[in-house]
4 protein chains.
Amino acid sequence: MTQSAAAPRRLTARGEERRAQLLELATTRFARDGYHSTSVSDIVNGLGVGKGVFYWYFDSKEQLFLEILKSAQRDLRRSQQRAIDGVDEPVRRIALGVRAGVLWTAEHAELRRLVDFARTEASFAPAVRAGQRALAQDAVAHLEEAMAAGAIPAGDARALAFGLLGVTTTMTDALVEEGRHDPETVADLVVSFCLGGIGAASAG
Amino acid sequence: MTQSAAAPRRLTARGEERRAQLLELATTRFARDGYHSTSVSDIVNGLGVGKGVFYWYFDSKEQLFLEILKSAQRDLRRSQQRAIDGVDEPVRRIALGVRAGVLWTAEHAELRRLVDFARTEASFAPAVRAGQRALAQDAVAHLEEAMAAGAIPAGDARALAFGLLGVTTTMTDALVEEGRHDPETVADLVVSFCLGGIGAASAG
Amino acid sequence: MTQSAAAPRRLTARGEERRAQLLELATTRFARDGYHSTSVSDIVNGLGVGKGVFYWYFDSKEQLFLEILKSAQRDLRRSQQRAIDGVDEPVRRIALGVRAGVLWTAEHAELRRLVDFARTEASFAPAVRAGQRALAQDAVAHLEEAMAAGAIPAGDARALAFGLLGVTTTMTDALVEEGRHDPETVADLVVSFCLGGIGAASAG
Amino acid sequence: MTQSAAAPRRLTARGEERRAQLLELATTRFARDGYHSTSVSDIVNGLGVGKGVFYWYFDSKEQLFLEILKSAQRDLRRSQQRAIDGVDEPVRRIALGVRAGVLWTAEHAELRRLVDFARTEASFAPAVRAGQRALAQDAVAHLEEAMAAGAIPAGDARALAFGLLGVTTTMTDALVEEGRHDPETVADLVVSFCLGGIGAASAG
DNA sequence: AATGAATGAGGATTCATTCAT
DNA sequence: TATGAATGAATCCTCATTCAT
């Protein structure tokens, strides 16, 4: 009756395009109006297509959201990995990772909004947590390496990792939203805050 | 027909109690299931009362939520102000304020969830931002005083303030949720991270 | 969120009446147009009430159907039990039970239609089978008693019971539908067919 | 645009095969999940072909169902005619016809299910009735011949015919479904029940 | 103050059918 | 012959809110 979740439909070029359009418009709308306030009708109407189109490409509104969510998390993580690729020194990797995080967040404020929302719904929260854990895990690796090398004081790497995540997103959100700082300046601020933080906190 | 918002109904003692029950149950449910997934029916059924009761005490579901939201923000702010009351040194005020923030957040994880959600809905976002600004403003005062006194390097106080907010909430959320640290330990960590952060970042 | 199935709503007199109206109209329409071809809208429109009314009284269209189904089966069974109450001789009980079955079926042709349909949907089939088994079980008791008393030849009582059920419903349906025979005449025919059948078949 | 119903498309060998596949899969699914719960998509997906294929071979889902229905009824009738071919004695023809009916029903439980359903939908009911009448008509001929020959007591042949139909299908359904009897045994039971029935009932 | 009942717009989803390629 | 894409009416159901009692 229902399609098996395991077999994503094979799409033509035109199909891929439609799918991408839907994905993009949905992301925009979800971020602007909220998930619940954006109806499937809003999305298809915004594209000027029939309602069935939505369900040709996605199993449900929920699944679509999950897909956006996961791809956002994946994208952020990738851009951080790209930023630190080939860098040897762990503290520099941390700094570059944080910077990449700030820039990504600044550029994708809408996606940040989505993640915030997702955290508050029972059906999406697990996915958010999984993503956060993955991000934290990356940072933990660098932090532990830095501690082992004596570059920063020993301490609870996992706790620090979550600290990094927090400063990055919240500071970025707040500052960029205010419009008084350009992303690069924000990045500088956040990076030094973070380095100061891990330097001091580990001691605690 | 409808009551003017300015003139809240005068309630008997019993009435106050009912109102408080509704407020409490709604908070719990909103936090557990999400705002949209919690219906007015859920709330009144959970209390075993008729549907009319809800509308006797509140104008609408939205107004109720707003009330919860504002009172949560007010409560956090108050507990921070209480914590620093009478403390002269600005850096200590910052430390105590952050600590109070951590403890409050740890104790009211549900309310944190509500604020996260509120930020993502057009109708609630302004209220959230207002609350955040008020909180940041408090911190800005201490930071500027500390800068003036030379206790910390000069810098963008407002930016730092948002940094403090971010570390506090995110680190607390993540660490308390994990259940590996008790709130006091988390507070120690967060405070030293913050102090390290403002020490280093302002320099930038 | 959803109401617990275990707690049927307490209804006022007016409420009971509404519920009964819905039940009756739904039965009629399901029988006349088929379950799938009758929409919830059809039902509430037929009563001139809003759509929510339906869901105030029933959890779903499916549950409503199930309720009709079970009450129909219960009703038939009761009318058979009433018919044989106090009769000592097992063969007479069989005859009277069959007769009662014919008369009930003749009078409730619509419900018969519903049972036929229910048998063809995965979600309803189990309920139908359960009802049929109960009916058959009643007959089995009389048949075995009759066999023990030597009133009819020994044989597979359960098989015969289903035979009785089959003749009763199908013959009645076909004959009453044709309109050439009144129910009493049909009952005579069916009863003697059945008695002849169990007399002969058991021997096999 | 649409084909005239009278001129079925001329198909290639490959075409015939496709059509047969569709017919078979549809039958299986309709019987297993119900007519309404089986979508055209289900059918074409089950065959791994595109949606257009369905409408190349059939005008509509309804027409397809009707075709299955009629061919089922035709098939049963034929197998009964084959069974009695060349038999002179009318009572033996009846017995053999009933037996053939039992065996066919046992072997095609799915089709039986379809007929049951069809009876409950306004759009299919006439077809079902027509088929039943044809079947009954066959039996009536034998019954009247038997009565004329004095082999069974005179009576309402048409009524008896419907009785035969009823016992056959219902007893078979119930017994075969239970799995306690093989079709041949069931056939013996049903045949003697029927003969007993017509012997006794006609007298009434 | 409180209740059960009612409203009805709105939401997600399904599905028979059509069509361009 | 066949495909993937598209249509859009129709379906079941939810829910904030109102109202008579």
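Within every chain, numbering begins at 1; the chains are lettered A, B, ... in the order of the sequence lines, protein sequences first and strands thereafter.
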Applying the 3.5 Å cut-off to both distances, the Watson-Crick or G-U partner of F:dT14 turns out to be E:dA9
Among the nucleotides E:dA16, E:dA1, F:dT1, whichever has the atom closest to the side chain of D:Arg14 is F:dT1
Here the distance between atom P of F:dT21 and atom CG of C:Leu11, to the nearest Å, is 18 Å
Among F:dT7, F:dT1, F:dA16, the one nearest any side-chain atom of B:Val40 is F:dA16
(Q) Categorize C:Gly15 for me: base, sugar-phosphate, or nothing, with a 4.0 angstrom heavy-atom threshold over every strand shown. (A) sugar-phosphate
Rounded to whole Å, CD of D:Gln21 lies from C1' of F:dT1 at a distance of 14 Å
Comparing nearest nucleotides in DNA chain E, the 5'-proximal residue of the pair C:Arg18, A:Ser39 is C:Arg18
- Would you indicate, yes or no, if F:dT1 has its OP1 or OP2 atom less than 4.0 angstrom from a side-chain nitrogen or oxygen of D:Trp56? no
message = Looking at C:Glu24, I want to see if its CD is surrounded by more than 12 non-hydrogen atoms of other residues, nucleotides or ligands under 6.0 Å.
response = no
Pi-cation contact, C:Tyr35 with C:Lys61 (under 6.0 Å, within 45°)
yes
When rounded to whole Å, the CG to P distance for the pair C:Asn45 and E:dA9 reads 12 Å
Rounded to whole Å, the CZ-C1' distance (D:Arg19 to F:dT1) equals 15 Å
Comparing nearest nucleotides in DNA chain E, the 5'-proximal residue of the pair B:Gly50, A:Ser41 is B:Gly50
Whole-Å distance, D:Gln63 CD to E:dA16 P, equals 15 Å
Problem - From CA spacing to verdict: salt bridge (charged side-chain N to carboxylate O under 4.0 Å, His left out), C:Arg119, D:Asp116 - result: CA-CA 8 Å; C:Arg119 206 193 310 270; D:Asp116 270 346; 3.6 Å; yes
Note to self: Suppose we call a contact any N or O donor and acceptor under 3.5 Å apart; does that hold for the side chain of D:Lys51 and the base of E:dT17?
What the structure shows: yes
(Q) If you count every heavy atom of other residues, nucleotides or ligands that lies below 6.0 Å from B:Glu17 atom CD, does the total exceed 12? (A) no
Separation of E:dA6 atom C1' from C:Leu47 atom CG, nearest Å, is 13 Å
Taking F:dA6, F:dT1, F:dC13 as options, the one with an atom nearest any side-chain atom of A:Val53 is F:dA6
Quick note, A:Tyr55 side chain, CB onward, closest among E:dT14, E:dA5, F:dC13 is E:dT14
Sorted by position of nearest nucleotide on DNA chain F, 5' first, the leading residue of B:Tyr35 and A:Gly52 is A:Gly52
**Item:** Note, C:Thr38 side chain near C:Arg32 side chain (heavy atom, < 4.5 Å)
**Value:** no
Which part of the nucleic acid, if any, lies within contact of D:Phe58, taking any heavy atom under 4.0 Å across all strands shown: a base, the sugar-phosphate backbone alone, or nothing? nothing
Any heavy-atom pair between the side chains of D:Val49 and D:Gln21 that's under 4.5 Å?
no
Base, sugar-phosphate alone, or nothing: which one does C:Ser37 contact when heavy atoms must sit under 4.0 Å apart?
nothing
Rounded to whole Å, the CD-P distance (A:Glu17 to F:dG4) equals 18 Å
Scanning all shown strands, the Watson-Crick or wobble mate of E:dT21 with both distances under 3.5 Å is F:dA2
Between CD of B:Glu16 and P of E:dA1 the distance, given in whole Å, is 9 Å
Taking for D:Thr12 and for A:Thr12 the nucleotide of DNA chain F with the nearest heavy atom, the one nearer the 5' end belongs to D:Thr12
